Number of protein chains: 2
Amino acid sequence: MLLLSAARALVDDIDSGVRASGFTDLRPAHGFAFVRLSGTGATTTELAEHLEITKQAASQMADELIRKGYVERRPHPTDARARLLVLTEKGQACTRAADAAAARTLEPLAASLTPDQKATLRTALTRLATPGRIRPIW
Amino acid sequence: MLLLSAARALVDDIDSGVRASGFTDLRPAHGFAFVRLSGTGATTTELAEHLEITKQAASQMADELIRKGYVERRPHPTDARARLLVLTEKGQACTRAADAAAARTLEPLAASLTPDQKATLRTALTRLATPGRIRPIW
DNA sequence: CTATATGGTCAACCTGCTTGACTAAATTGG
DNA sequence: CCAATTTAGTCAAGCAGGTTGACCATATAG
């Protein structure tokens, strides 16, 4: 219960932080997409796998993010069928805002823990976590 | 990230545990409803508040759970307008299965931690958590 | 004992997702 | 090198789970 509630609180904080930074047309779900797109970008199919939704739904979400200016489609360097989805400057600014909001929420906790306690926390969560599976489904 | 992934993993484990126990017609979302209904039950409006959805949506979900045999509607003892939603025996069996699945996932972790480490974990999560807000929204 | 607030329902609709059928490009294997 | 298959993506239709808005019946307040 505590685990679920803490996760929810973190997502809520990030969401309201992002909104307070002026990105009011995004939902938390978009953040999970940004996680995959940041860096070198991803194809529609890769995004779909990351979000565990169909590629049609991923494509639709990409269209929305493009329309809102967070993402752009580029030709794929090696595959003429595929196109690469990458974050625009606005998209990157948004992820920075999200990171800042997360840090703001976690900082007081981090400051109150000894290095040992942090390690305990990190280890415990790591043992439960399934790498890459961030987005809840239900 | 670790926190979100761990929460997701726990929900996944509970869901598959519940399904493996024969309750194949439920989604994790129903579990969040069961949390509120277990014990003395709740009215539709209370359920709606707990899930942070409209009372129409909560009523629809209650109908579904009644149709599937997990919940029943009883007259409210003090308010003739309201009706009390309570878990049937099947609903209670399902929550027991969910608790067992959660325990199964958490047990190896618990066994590997000293009491001090458990306290650290509990305190850290408690500091982040917003009481009662379990269900993520996005 | 009227006026207002609250619990619940009905109906219409919207959004994000799914399934299914399809095209174009890439890959595989004779 | 070319036919067969796989893979990236799109189009279209439909569905599930939610929303808003209007409404009735009962409860509560002045």
Side-chain angles (χ1 to χ4, degrees), chain A residues 8 11-12 15 24-37 40-68 70-86 133-138, chain B residues 8 11 15 19 24-37 40-68 70-86 133-138:
Chain A
R8 157 72 187 263
V11 170
D12 273 1
D15 186 48
T24 55
D25 56 357
L26 293 177
R27 289 170 300 112
H30 298 129
F32 296 108
F34 284 25
V35 167
R36 184 65 181 83
L37 298 183
T40 53
T43 65
T44 300
T45 299
E46 287 165 347
L47 179 61
E49 284 166 358
H50 179 253
L51 298 178
E52 296 176 89
I53 58 179
T54 60
K55 53 188 180 171
Q56 292 92 323
S59 176
Q60 197 170 304
M61 184 168 170
D63 287 342
E64 179 193 351
L65 291 174
I66 288 166
R67 184 169 43 77
K68 292 180 176 171
Y70 295 99
V71 168
E72 62 184 23
R73 265 191 239 268
R74 295 208 193 139
H76 193 285
T78 66
D79 189 333
R81 296 168 303 176
R83 287 193 289 170
L84 208 55
L85 300 168
V86 294
R133 307 197 119 202
I134 294 170
R135 188 190 184 184
I137 301 197
W138 51 74
Chain B
R8 157 73 188 262
V11 171
D15 187 47
R19 287 174 186 276
T24 55
D25 55 357
L26 294 176
R27 289 170 302 111
H30 298 130
F32 296 109
F34 283 26
V35 168
R36 183 66 180 83
L37 298 183
T40 53
T43 65
T44 301
T45 300
E46 287 165 347
L47 179 61
E49 283 166 359
H50 179 252
L51 298 179
E52 295 175 88
I53 58 180
T54 61
K55 53 188 180 172
Q56 292 91 322
S59 176
Q60 195 169 304
M61 184 167 170
D63 286 342
E64 179 192 351
L65 291 175
I66 289 166
R67 183 169 44 77
K68 292 180 176 170
Y70 295 98
V71 168
E72 62 183 23
R73 265 191 239 269
R74 294 207 193 140
H76 192 285
T78 66
D79 190 333
R81 297 168 302 177
R83 287 194 288 171
L84 208 55
L85 299 168
V86 295
R133 308 198 119 202
I134 295 170
R135 185 186 189 189
I137 302 197
W138 49 74

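Worth saying up front: this structure is predicted, and the values here are computed from it rather than measured. Proteins come first, then strands; the chains are lettered A, B, ... in the order of their sequence lines, and each starts at number 1.
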### Message
From the set dA5(C), dA26(C), dG8(C), return the single nucleotide nearest to any side-chain atom of Ala80(A).
### Response
dA26(C)
### Query
When rounded to the nearest 0.5 angstrom, what is the spacing between CG in Leu85(B) and NE2 in His76(B)?
10.0 Å
### Query
Any donor-acceptor pair under 3.5 Å linking the side chain of Arg19(B) with the backbone of Leu26(B)?
yes
### Message
Using the salt bridge (Lys or Arg N to Asp or Glu O under 4.0 Å) criterion, which residues pair with Asp79(B)? Sequence neighbours excluded.
### Response
Arg81(B)
### Sequence-distant partners of Arg133(A), salt bridge (Lys or Arg N to Asp or Glu O under 4.0 Å), two or more places apart
Glu52(A), Asp12(B)
### Message
Within the structure provided, determine whether Thr43(B) and Leu84(B) are in side-chain contact (heavy-atom separation under 4.5 Å).
### Response
yes
### Interatomic distance where CZ belongs to Arg83(B) and C1' belongs to dT6(C) [whole Å]
16 Å
### Query
To the nearest Å, how far apart are Asp25(A) CG and dG16(C) P?
12 Å
### Gln60(B) CD to Thr54(B) OG1 distance, which is reported to the nearest 0.5 Å
8.5 Å
### Terminal helix-axis angle for the helix from dC1(C)-dG30(D) to dG30(C)-dC1(D), with five pairs defining each axis and rounding to 10 degrees
30°
### Query
Any side-chain N or O of Arg135(A) under 4.0 Å from OP1/OP2 of dC17(C)?
yes
### Set of side chain to side chain contact (heavy atoms under 4.5 Å, CB included) partners for Arg36(A), sequence neighbours left out
Ala42(A), Glu46(A), Leu47(A), His50(A)
### Query
Quick one: salt bridge (Lys or Arg N to Asp or Glu O under 4.0 Å) partners of Arg67(B), sequence neighbours excluded?
none
### Query
Does Thr78(A) or His30(A) map to a spot on DNA chain C nearer the 5' end, using the closest nucleotide for each?
His30(A)
### Short side-chain N/O contact from Thr45(B) to OP1 or OP2 of dT6(C), under 4.0 Å
no
### Message
Short of 4.0 Å, heavy atom to strand atom, which residues of residues 48-67 of chain B count as contacting DNA chain D?
### Response
Ile53(B), Thr54(B), Gln56(B), Ala57(B), Gln60(B)
### Query
Rounding to a whole Å, what distance do you find between His76(B):NE2 and dT9(C):P?
14 Å
#### Entry: Ala80(B): partners by side chain to side chain contact (heavy atoms under 4.5 Å, CB included), with sequence neighbours left out
none
### Query
Just wondering, do Asp15(B) and Arg27(B) contact through their side chains at under 4.5 Å, heavy atoms?
no
### Summary
Note: chain B reaches DNA chain D at heavy-atom distances under 4.0 Å over the stretch, first to last nt, 5' to 3', of dG17(D) to dA27(D)
### Task
Write down the distance between CD (Glu46(B)) and C1' (dG8(C)), rounded to a whole number of angstrom.
13 Å
### Message
Going by salt bridge (Lys or Arg N to Asp or Glu O under 4.0 Å), name the residues that satisfy it together with Glu64(A), two or more places apart in sequence or in a different chain.
### Response
Lys68(A)
